[in-house]
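Computed from a predicted structure; not experimentally measured.
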Amino acid sequence: MHKIFLPAIFILTLLTATAFAAENESYEYTSETYGFKILCPAKPIVIVNPFEDPNQHGELLVFAYEDIKVIFGYQIMLDAFDTKEIPDFNKDKKKKIDAYIEKKRAENIYNFVELQNISKDNKGVVMVTAKELTIVDENGEEVTATADQQTAYAIFRTKSGRCISIQLISADLDKSDYEDFLKSVSTYQDATDLSISPETDNNKKSKKK
């Protein structure tokens, strides 16, 4: 697995940022750029756009770093996947969903791929990369390589159908980090959903009468 570094233009920001809060208090983060909300294990000390492709949208929330390497953070990507390639985990048939999960499990980089309840009424797929990988060396022989970093992903659709990917970046992925990550994912609220309030729905119904 590759190490994740912040863009060079943010090095100065990193060096002058406030130290990571040791008390690990939760913090509700609202994106000023994209309007989404998510409950984090701490207040981000650095927030950057990690995507070079202008067609990719999202933010990297950094909670801890070492030099310019992120050692704990969430990477949130909006419109993250093609709806034609990934099934709707709430609506599509079980056979189609199972086929997708088995395909991901067959990939060498994952040691965990499961369909889970992201929230009470919304399902998604959670994946964790393997610590040890079997690769083919230059002599054509299979050897075991150790990844320098494990990563967890959650992919799901919002109420309005937006495709979201949230990635946990952790230098030493443990049970506590993973559980905090799942809790954070369950609190994600997208701007497209937040704009649909009960009052707005009632107004729409009134206009139809």
Side-chain angles (χ1 to χ4, degrees), residues 1-8 10-11 13-31 34 36-52 56-78 80-81 101 104-105 107-119 124-135 144-156 163-189:
M1 296 292 293
H2 62 279
K3 295 180 181 179
I4 298 180
F5 296 92
L6 291 181
F10 294 100
I11 294 176
T13 307
L14 280 172
L15 295 176
T16 58
T18 306
F20 177 60
E23 60 270 21
N24 200 38
E25 294 181 354
S26 60
Y27 176 85
E28 185 181 71
Y29 171 75
T30 300
S31 169
Y34 299 106
F36 65 78
K37 293 183 179 181
I38 187 170
L39 191 65
C40 300
K43 183 177 180 180
I45 52 178
V46 180
I47 302 160
V48 299
N49 177 0
F51 305 112
E52 295 181 0
Q56 294 180 327
H57 312 291
E59 292 178 334
L60 172 59
L61 311 182
V62 181
F63 307 115
Y65 65 89
E66 184 176 301
D67 295 326
I68 61 170
K69 177 187 174 185
V70 179
I71 58 175
F72 183 41
Y74 291 167
Q75 181 168 288
I76 300 170
M77 185 174 180
L78 315 177
F81 52 87
I101 291 174
K104 299 304 291 185
R105 286 174 177 168
E107 294 181 14
N108 188 36
I109 64 171
Y110 300 108
N111 69 357
F112 178 85
V113 181
E114 290 290 341
L115 179 70
Q116 295 189 11
N117 278 86
I118 297 298
S119 60
V125 166
V126 177
M127 299 173 282
V128 181
T129 59
K131 184 66 175 176
E132 293 187 344
L133 305 172
T134 301
I135 61 174
T144 300
T146 301
D148 56 11
Q149 201 170 45
Q150 280 183 281
T151 304
Y153 299 86
I155 59 172
F156 57 95
C163 304
I164 305 298
S165 169
I166 303 180
Q167 175 185 357
L168 166 63
I169 301 165
S170 178
D172 186 18
L173 182 60
D174 59 20
K175 183 179 179 181
S176 177
D177 287 344
Y178 180 70
E179 290 177 348
D180 284 344
F181 171 68
L182 293 182
K183 290 177 183 176
S184 293
V185 170
S186 72
T187 68
Y188 178 88
Q189 293 177 282

Contact check, side chains of [X] and [Y], non-hydrogen atoms, under 4.5 Å:
{"X": "Leu182", "Y": "Gln116", "value": "yes"}
{"X": "Tyr188", "Y": "Ile118", "value": "no"}
{"X": "Leu78", "Y": "Ile164", "value": "yes"}

- Could you walk me through whether Val126 and Val185 pass side chain to side chain contact (heavy atoms under 4.5 Å, CB included), step by step? CA-CA 10 Å; Val126 177; Val185 170; over 6 Å; no
- Message: Heavy-atom count check: over 12 atoms from other residues, nucleotides or ligands less than 6.0 Å from Lys183 NZ?
- Response: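 Incorrect, the count does not exceed 12.
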For the [atom1] atom of [X] and the [atom2] atom of [Y], what is their distance to the nearest 0.5 Å?
{"X": "Glu59", "Y": "Asn49", "atom1": "CD", "atom2": "CG", "result": "7.5 Å"}
{"X": "Leu173", "Y": "Leu168", "atom1": "CG", "atom2": "CG", "result": "5.5 Å"}
{"X": "Ile71", "Y": "Ile169", "atom1": "CD1", "atom2": "CD1", "result": "11.5 Å"}
{"X": "Gln75", "Y": "Leu60", "atom1": "CD", "atom2": "CG", "result": "5.5 Å"}
{"X": "Ile76", "Y": "Phe36", "atom1": "CD1", "atom2": "CZ", "result": "4.0 Å"}

- Taking only residues two or more places apart in sequence, or in another chain, which ones meet Phe181 in a ring-ring contact (aromatic ring centres under 6.0 Å, His included)?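 Partners of Phe181 under the ring-ring contact (aromatic ring centres under 6.0 Å, His included) test: Tyr74.
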- Query: Judged by atom type as modelled, is there a donor-acceptor pair below 3.5 Å linking the side chain of Asp174 to the main-chain atoms of Ser176?
  - Reply: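 Yes.
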- Please confirm whether the backbone N or O of Thr151 pairs with a side-chain atom of Thr129, one donor and one acceptor, at under 3.5 Å?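 Between the backbone of Thr151 and the side chain of Thr129 there is a qualifying donor-acceptor contact (under 3.5 Å).
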- Query: Closest approach of Ile38 and Ser184, non-hydrogen atoms and distance?
  - Reply: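 For Ile38 versus Ser184, the nearest heavy atoms are CG1-O, 3.3 Å.
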- Query: Nearest heavy-atom pair of Pro50 and Gly58: which atoms, and what distance?
  - Reply: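 Closest pair (atom of Pro50, atom of Gly58, distance): CD-O, 4.0 Å.
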- Does the side chain to side chain contact (heavy atoms under 4.5 Å, CB included) test come out yes or no for Met127 and Ile109, once each step is laid out? CA-CA 10 Å; Met127 299 173 282; Ile109 64 171; over 6 Å; no
Partner residues of [X] under the side-chain contact (heavy atoms from CB on, under 4.5 Å) criterion, sequence neighbours left out:
{"X": "Asn111", "result": "Val128, Ala130, Gln150"}
{"X": "Asp172", "result": "none"}
{"X": "Leu39", "result": "Ser26, Glu28, Thr187"}
{"X": "Tyr27", "result": "Tyr29, Lys43, Pro44"}

- Task: Walk me through it: do Phe156 and Ile166 pass the test side chain to side chain contact (heavy atoms under 4.5 Å, CB included)?
- Result: CA-CA 9 Å; Phe156 57 95; Ile166 303 180; 4.0 Å; yes
- side chain to side chain donor-acceptor pair (under 3.5 Å) against Gln56, all qualifying residues, sequence neighbours excluded: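 Checked Gln56 against side chain to side chain donor-acceptor pair (under 3.5 Å); zero matches.
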- Message: Taking the basic N atoms (NZ, or NE/NH1/NH2) and the acidic carboxylate oxygens, is any pair closer than 4.0 Å for Lys104 and Glu114?
- Response: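 Here Lys104 does not pair with Glu114 in a salt bridge, since their nearest N and O are not under 4.0 Å apart.
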- Query: In terms of ring plane angle, is the pair Phe72 and Phe63 parallel, tilted or perpendicular, where the classes change at 30° and 60°?
  - Reply: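 If you compare the ring of Phe72 with that of Phe63, the planes turn out tilted.
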